[in-house]
Amino acid sequence: MADETKKSVVVVGAGVIGASIALELQRRGLAVTLIDKGEPGRGTSFGNMASIALDFAAGSGPSTWKKIPGWLLDPEGPVWLRPSYAARMLPWFLRFLAAGRPSRLREIEDAGMSLSHRALGDFREMLQAIGAPELMTEEGCLAIYETEAEFAADRAHLAMMQRCGLEFEVLSNGAIQYYEPALSPAIARAVLLADNKSIRDPYKLVVKLADAAMAAGAAFVSGTVRNIERKGDGTAVVLLEDGRRIEAGSVVLAAGVHTRFLAEKLGEPIPLETERGYHTQIMKPGISMRYSVIWPHRAFMVTPTAGGIRVGGNVELAGLDAAPDFRRPRVLVRHAQRALPGLKVEEATEWMGHRPALPDTIPIISPSAKMPGVFYATGHGHLGLTFSATTALVIADMVTGVKPSVDITPFRIDRY
């Protein structure tokens, strides 16, 4: 019985990160219990923008501090900080600005790209493992720029992609409409990111991952984790709010922004905040699209997914408890209609979710620095879907004692 417990793992969180990890651990012969307070895929992963985005971009830069007043004042800007939450965000913002120092920025970009370089291949292998390669499209993504000034403002990001070996093609005028006829002729420039793929239905993906893990022998438990303790023999005990206790050899914390509460109880607080993101799912858009479209200047995306067209992105900083402000997705739809003049909004639903965001943009993929046998996989921000398969492989390596093929030093939990 003791040997069986040592070979068991509890994964807390059944979003795309947790479900991917549960599947990979189960495939490696461990006995997995996946825990979530809701159904798999019904949290933040339900409403993501369905994008495998390899063009990693750090959130902060040397001139970011100049933009903060505009974020506070512009209710239609790409980042909206609710004034009532500003004081609470101050420590996080100071770390965010520090991450934009030129020396630190290069380190962050290199760390993010170490995951990006593997992400597409790892994702394809994961889809093959669950027998669902058709869930990924083979079309790419178009980053659009309404003016030459917008394009010039993004040159540093394009230079980073070039430095890191990411392929892209700059388009102008009629070439843009050749790739995506629904786009406005007023768009001055676009960048074709051929390797940035889309998922046909991100919720269906998470369900398939969880189902595959359970078909291989994993168990699913519905409940809220209250704490984790360690017995004298080294066994971890996962304590649920309703009093249940689950013993395991290892525990993986992949509960998105809620991971911060468990980390605090383990004595290793992490600066994990929620970037509230919104989307509008339009089932009768009046147009068809081959490519996903991202507008960097306005920080939103339009993706054909889940049987319609999804408009989403942007960032609202207001914490976990504030009520959704559905003016945000309506602003994004107006911007989308500027880029896609034929876009209609019929049979549409609105949604809000909580991206787990760290001030230096790169995730925590790390063993605990306080409790042996506990591992973290959180803080992926906008790239949870993109990095899910790679994160699963790295965590499974660490849990099973294999040296990860990615240098995990930049992603350690005690880097703050």
Side-chain angles (χ1 to χ4, degrees), residues 1-36 40-41 45 118 122-123 125-132 205-223 225 227-240 244-256 259 262 266 363-368 370-378 380 384 387-406 408 411 413:
M1 183 66 72
D3 288 341
E4 290 180 5
T5 300
K6 289 179 181 178
K7 293 180 180 178
S8 63
V9 186
V10 168
V11 178
V12 182
V16 69
I17 298 290
S20 300
I21 292 169
L23 174 63
E24 182 60 27
L25 289 170
Q26 192 68 40
R27 292 180 69 206
R28 296 198 190 190
L30 299 177
V32 176
T33 300
L34 181 62
I35 301 178
D36 199 286
S45 294
R118 290 198 45 169
D122 291 342
F123 210 102
E125 290 182 8
M126 183 173 72
L127 291 179
Q128 288 289 344
I130 63 174
L205 168 68
V206 180
V207 170
K208 282 185 173 290
L209 289 168
D211 285 349
M214 288 184 276
F220 177 75
V221 171
S222 179
V225 175
N227 205 349
I228 301 158
E229 296 177 351
R230 176 68 64 178
K231 293 172 60 177
D233 64 359
T235 302
V237 182
V238 179
L239 308 176
L240 275 65
R244 284 178 290 173
R245 298 164 59 89
I246 301 174
E247 296 188 4
S250 302
V251 179
V252 180
L253 301 179
T259 305
L262 295 172
L266 296 181
I364 292 172
I365 309 172
S366 169
S368 168
K370 297 288 188 179
M371 183 178 288
V374 173
F375 301 85
Y376 291 88
T378 190
H380 292 73
F387 291 158
S388 57
T390 302
T391 297
L393 293 170
V394 173
I395 288 288
D397 284 345
M398 289 192 289
V399 171
T400 57
V402 175
K403 183 180 178 180
S405 57
V406 173
I408 64 169
F411 312 109
I413 190 169

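All values below come from the heavy atoms of this structure, side chains included, with hydrogens, waters and symmetry mates left out.
Between Val221 and Arg244, the closest side-chain pair of non-hydrogen atoms falls below 4.5 Å. Taking 4.5 Å as the limit, every side-chain heavy atom of Ile364 sits out of range of all side-chain heavy atoms of Phe411. By the 4.5 Å heavy-atom criterion applied to side chains, Ile21 and Leu34 are not counted as neighbours. A 4.5 Å side-chain heavy-atom check between Val251 and Leu253 finds at least one atom pair inside the cut-off. Contact check for Ile35 versus Leu240: side-chain heavy atoms found under the 4.5 Å cut-off.
In this structure, CD1 in Ile228 is found 11.0 Å from CD1 in Ile246, a value given to the nearest 0.5 Å. Between Tyr376 atom OH and Ile365 atom CD1 the span is 14.5 Å, to the nearest 0.5 Å. The distance from atom CG of Leu205 to atom OG of Ser388, rounded to the nearest 0.5 Å, is 6.5 Å. The structure places CD1 of Ile408 at 9.0 Å from CZ of Phe375, a figure rounded to the nearest 0.5 Å. One finds the CD1 atom of Ile395 at 11.5 Å from the OG atom of Ser20 (value rounded to the nearest 0.5 Å). Taken to the nearest 0.5 Å, the CG atom of Leu266 stands 5.0 Å off from the CE atom of Met371.
The side-chain hydrogen bond (donor to acceptor under 3.5 Å, both in side chains) test applied to Thr391 returns His380, not counting sequence neighbours. Thr33 is linked by a side-chain hydrogen bond (donor to acceptor under 3.5 Å, both in side chains) to nothing, counting only residues two or more places apart in sequence or in another chain. Thr390 is linked by a side-chain hydrogen bond (donor to acceptor under 3.5 Å, both in side chains) to Asp122, counting only residues two or more places apart in sequence or in another chain. When the salt bridge (charged side-chain N to carboxylate O under 4.0 Å, His left out) test is applied to Lys231, the partners found at least two apart in sequence or on another chain are Glu247.
Shortest non-hydrogen contact noted between Ala213 and Gln26 is O-CG, 3.7 Å. Between Ser366 and Met398, the closest heavy-atom pair is N-CE, 3.9 Å.
Ser45 contributes no side-chain N or O that, together with a main-chain N or O of Gly41, makes up a donor-acceptor pair within less than 3.5 Å.
Screening residues 208-218 for salt bridge (Lys or Arg N to Asp or Glu O under 4.0 Å) gives no qualifying pairs among residues at least two apart or on separate chains. The stretch residues 10-27 participates, sequence neighbours left out, in these salt bridge (Lys or Arg N to Asp or Glu O under 4.0 Å) pairs: Glu24-Arg27, Glu24-Arg28.
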Legend entry - Evaluation steps, side chain to side chain contact (heavy atoms under 4.5 Å, CB included), between Leu262 and Val225: CA-CA 8 Å; Leu262 295 172; Val225 175; 3.9 Å; yes

Side chains of residues 9-17: which donor-acceptor partners sit under 3.5 Å, not counting sequence neighbours?
none

